[in-house]
Each structure stands twice: as structure tokens, then as C-alpha cells.
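Chain letters run A, B, ... following the sequence lines, proteins first and then strands; every chain starts at 1. Owing to the predicted nature of the structure, the values given are computational and were not obtained by experimental measurement.
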2 protein chains.
Amino acid sequence: MKIERLSAKVEDYLETILRLSETPRGARTGDIAAALNVQPSTVSAALKSLTEQGLLNYEPYGVAELTPKGRHVAEEIAGRHVGLLRFFTDTLGLTPEESEVTACGMEHDVTPLVLDRIALLGEFLRSHPELNEKWRAVRSTAKGERPPGVESGLDELPPGVRGVVLSVDVGAALRKRLVEMGVTPGVLIAVERVAPLGDPIAVEVRGYRLSMRKAEAAKIRVKWRPGLI
Amino acid sequence: MKIERLSAKVEDYLETILRLSETPRGARTGDIAAALNVQPSTVSAALKSLTEQGLLNYEPYGVAELTPKGRHVAEEIAGRHVGLLRFFTDTLGLTPEESEVTACGMEHDVTPLVLDRIALLGEFLRSHPELNEKWRAVRSTAKGERPPGVESGLDELPPGVRGVVLSVDVGAALRKRLVEMGVTPGVLIAVERVAPLGDPIAVEVRGYRLSMRKAEAAKIRVKWRPGLI
DNA sequence: CAAGATTATTTGACCCTTCAAACATTAGCA
DNA sequence: TGCTAATGTTTGAAGGGTCAAATAATCTTG
Ligand SMILES: [Mn+2]
Ligand SMILES: [Mn+2]
Ligand SMILES: [Mn+2]
Ligand SMILES: [Mn+2]
């Protein structure tokens, strides 16, 4: 059995036919054309060629059916497609649309090993809930995410994400201490570390490090800033 | 300025020319052909076409030089190339060779947003040293990684990675308890959670959960197994 | 400087993918 | 059952990318 590298187009035809085969209508010329955004006449030609290559059973005006060989290839591609898709949506948090087109573009170049590692990384993050939460928070401050400028109390600013101080609604005593440390509206601030029970919180501002109670931090309003510290 | 989508091939020519431009020889037909694995006659044709598209200044028997427009595109592609490359080598831990060809294949489909997120994820992992270590450990047990079977004390088995017990060198009292729980050579074992200071360690074996001191765990030798739990 | 060697281009051809237009078949309905 | 609309195929043409062989320019060296 020859192992010749199939073109990206051929792979896309097979993947599409596989998907359509699973519908009651089966894989028909018109549906394939619509799915791949080409003219029906182009599909006719492709179907003929795929049949000659032993990947498909098709006769004019009929329904395309994958041969075992064709099905094998198609499932392979479909696997790469969903592997990448999952990474883009679940791990990177991208929209289904962007994930879809990017996955379908890249699926033709991804090797089994690369796919495997990508899946492993996704699993790794998901298997560490606290880390995954942190990553999601960081991600939510990234470019292209909406809403881009979340506002919250300083206590909810995820460690590792920068924030801009909006207001400081604390008592006079703490306020004095904070002002001395430079915690004033407009300044960049970050949470360094949160103790196991969420209290106290280590905060960094203008190069200083200070510690405060969670309840106090909650009274400092911040706006999240894109990017890591 | 028209924003027509350039073909992957054209992007590769531009990227290659950019790289070669930075060498003392400059970008010559033969060198481009060697880099892209095509015949010189093919390059001649491509160079002519690129020049007509205003991406290149080239005249027969000369040295190819990018126009501002061509340089802009080339730098864009080169950026995607290295962005992906870094992800594959640094974050996924793949070989330079595999990373190189995969990056060069995928670079034509990656959007700025996807690239950005990928870079952010890499930064995120690197900015959390303890997590990054854990990830590297998990990675090292994955398919395609060598050496595949690291051996260490149970205390060094990263949470989320399976291990096979090799030997149990503890005192009689603990040994009895462990044997009752099923911790015997050959059994699959995993570390569930490590307390903040690394002690005690929650271990899972044969469906049971038990807690032990780090010092004790160190005396249980294990061989790391591929894949997550 | 004048071969001869090296490097590059031109030419003619091929394959792949696509389209529009003309033609053929099939399906749905009266 | 037959007619029309919907669907599918054929044909002819184009563009992109590639190669081998023939041809041309440039470089190197005695
Ligand atoms: Mn695809
Ligand atoms: Mn796909
Ligand atoms: Mn490339
Ligand atoms: Mn590249």
C-alpha cells in the first residue's frame, strides 16, 4: 500500500465526505461543494479523482462512500482537526469560528507527536484546577478577549495579572499607609501571592511589597490590564 | 494597497529571501532553491512573479532584494514562524527538527490572535516556575520523549504522573502499613497532592488514598510511566 | 584575456485545482 | 405519467507551481 502524501485539498475532501456520510442525506456533490466553498463542477472532478485513487466509491449522480482506505485517512484528519480545535477553544479560549478555520488550516501539517503533546498540555492544565483558574484569568486579560477591561476588587485580581487602581475606599488609617506606599488611583498594581486560605494577600506596587487583609483589598477597585506582569 | 491573500508558497519564498538577505551572499537563486528544495528554474519563475507583484526587486542574474512591502510581509511570516517554533521547542519540548518543519507548515494559517495566545500560554508557564517544572516532568513521560523511564523516589514523582513501584526501603512498621494498602513492587502509584511545604504527600494506589511524610516517600523507588493518570 | 566551469534563465511540458457555460440526469409535483 | 425545477456532469480554459533540457550569462583560473 503506497504511502504517498495527500494534498491538503484531498484531505479536506475526505474529511468533509466523512462528516457528511454520517448524515441521513449522505455525501452528495452539492453538499460537499457548499461545505468546501467551491463549485459543484469542481467537486465532480475531485470525486472522480478520489475514486481513481481508491479512496472513494462513487459513480456519477450517486452518493460518495469512503473505501476502507479512504475512511482511514479521513478519520485521521478528523482526529487532527478536533485535537487542534479543542486546544484552540478549550485551552486557548478562542472563539469557535476562529478555532475552526485555524484548525482546518493547520490540520494538514500537524504530526502525531505534536498533536499528542498539545493534548497532553491541555490535560495537564485541566488536571490542576487552581492553575487552570489562574490561566483562565490571565487569558481573560489577553488581547482579543472581551470584555477586555474587567473591573473588580483587588482581592479578585488574579496573581500574575496587572491592574490599575481605580479607587481606594478604606478607612483613614489604612488609607494613610496605602498612600505612603503609593497606592493611589491610576497606579499599576499586582497581587503577588495569596495565602492558602485567601488571606492575607501580598501586593506589589511601585516596586514595594505590602501585605493586606482580603477584606481590605476588596475595597480597592482595580481594572485588569492585558498581559502578565 | 491591496490586501490579497498570498499563497503559502509565496510566503515561503519571501521568508527565505528575508533570511538569506541577512547573509553576506545575499539571496541568490541557487541558495533559495536549496533552501526550499526546488529546482533553480522554479525559483527563476517565482522571482519574476514576485517582482511583478511588487514584493521584490530583482533582475536576472542579480540578487533578490525585498521591497518595503515585501519585507513587511516577510517579517510577518518570520514572526509567525519563530512564534510557533518557540512553542514547539520550549513549551512542548519537541525536537528542533520536528518543530521547524511543523512551524513552517502551520505558519501560513495561524492568525495574530492565535499566535498571541500561544505566546501567552508559554509565558504563563514559564512565569510559574513550580508549575513549569511539573509540566516538564509530565512532558518527559510523554510519548516520543527519551529517556522514557525516569527512576526516582516517590517524593520526586510529579503529581499527575503514574509510576511503578520498584522497591520499598522503609522500616518494618511503615512497611506493614504500606503492604496492607497494597504498596508492593510492581504496583501502579501516583502522587495526588503535595502540601504547600512539600510535606505530607497524598498518594494514590489501587484506588486507596494514603498520606505519608516526604522522607518516607523518598524511600519508595518508582519508575515513571508515560501519560497522565 | 580566453576557455571551461559554474550558475541562472528560458522554454515547453505536466499536474492540480478551480471556474463558467453548456449539457445531462434526477426528483418532485400536477 | 410526464413536465419542470433542482441537481450534477462535461468541457474548455485558466493560474499556480513544478521539472528537465536547452540555452545564456557570469565567474574562475591558467
Ligand atoms: Mn483542512
Ligand atoms: Mn478540517
Ligand atoms: Mn512555511
Ligand atoms: Mn517558515
Point to revise | B:Arg28 side-chain N/O to C:dT7 phosphate OP1/OP2 under 4.0 Å | key: no
Practice item. Please work out if A:Thr29 contacts a base, only the sugar-phosphate, or nothing of the nucleic acid, heavy-atom cut-off 4.0 Å. Key: sugar-phosphate
Review point. Roughly how many Å is it from CG in B:Leu47 to P in D:dG17, rounded to a whole number?
Key: 13 Å
Check your understanding: Under 3.5 Å, is there a donor-acceptor pair linking the side chains of B:Gln53 and B:Ser49?
Key -> yes
Exercise for review: Kindly say if B:Ser44 contacts the phosphate of C:dT10, meaning a side-chain N or O under 4.0 Å from OP1 or OP2.
Suggested key: no
Review point. B:Glu11 has an atom CD; how far is it from atom C1' of D:dG16, in whole Å?
Key: 15 Å
Review point. B:Lys48 NZ to D:dG16 P: how many Å, rounded?
Key: 13 Å
Review point. Of the candidate nucleotides D:dC19, D:dG8, D:dG17, which contains the atom at the shortest distance from the side chain of B:Thr42?
Key: D:dC19
Point to revise | Per B:Tyr61 side chain, nearest of listed nucleotides D:dT18, D:dC19, C:dT9 | key: C:dT9
Point to revise | Pair B:Glu75 + B:Arg71: basic N to acidic O under 4.0 Å | key: yes
Study note, to complete from the structure: Atom CZ of B:Arg5 and atom C1' of C:dT17 are separated, to the nearest Å, by 16 Å
Check your understanding: Which part of the nucleic acid, if any, lies within contact of A:Ser49, taking any heavy atom under 4.0 Å across all strands shown: a base, the sugar-phosphate backbone alone, or nothing?
Key -> nothing
Practice item. Looking at every strand, decide which applies to A:Pro40 at a 4.0 Å heavy-atom threshold: base, sugar-phosphate, or nothing. Key: base
Practice item. Would you indicate, yes or no, if C:dT18 has its OP1 or OP2 atom less than 4.0 angstrom from a side-chain nitrogen or oxygen of A:Lys9? Key: yes
Review point. Which whole-number value in Å describes the distance from A:Leu20 CG to D:dG8 C1'?
Key: 16 Å
Check your understanding: Less than 4.0 Å between a side-chain N and a carboxylate O, is that true for A:Glu76 and A:Arg80?
Key -> yes
Check your understanding: Between C:dT18 and A:Tyr13, is there an OP1 or OP2 to side-chain N/O distance shorter than 4.0 Å?
Key -> yes
Revision key, fill the gap. A:Glu52 atom CD is separated from C:dC16 atom C1', nearest whole Å, by 13 Å
Exercise for review: Ignoring hydrogens and angles, tell me if any N or O in the side chain of B:Arg225 forms a donor-acceptor pair with the backbone of B:Arg162 under 3.5 Å.
Suggested key: no
Point to revise | Base C:dA8 paired with B:Ser41 side chain (donor-acceptor, <3.5 Å) | key: no
**Study point:** Spacing of B:Asn37 atom CG relative to D:dG17 atom C1', expressed in whole Å
**Key:** 15 Å
Point to revise | Protein-nucleotide distance (B:Ile32, atom CD1; C:dA8, atom P), rounded to Å | key: 9 Å
Review point. With distance as the sole criterion, is a donor-acceptor pair present between the side chains of B:Asp109 and A:His108 under 3.5 Å?
Key: no
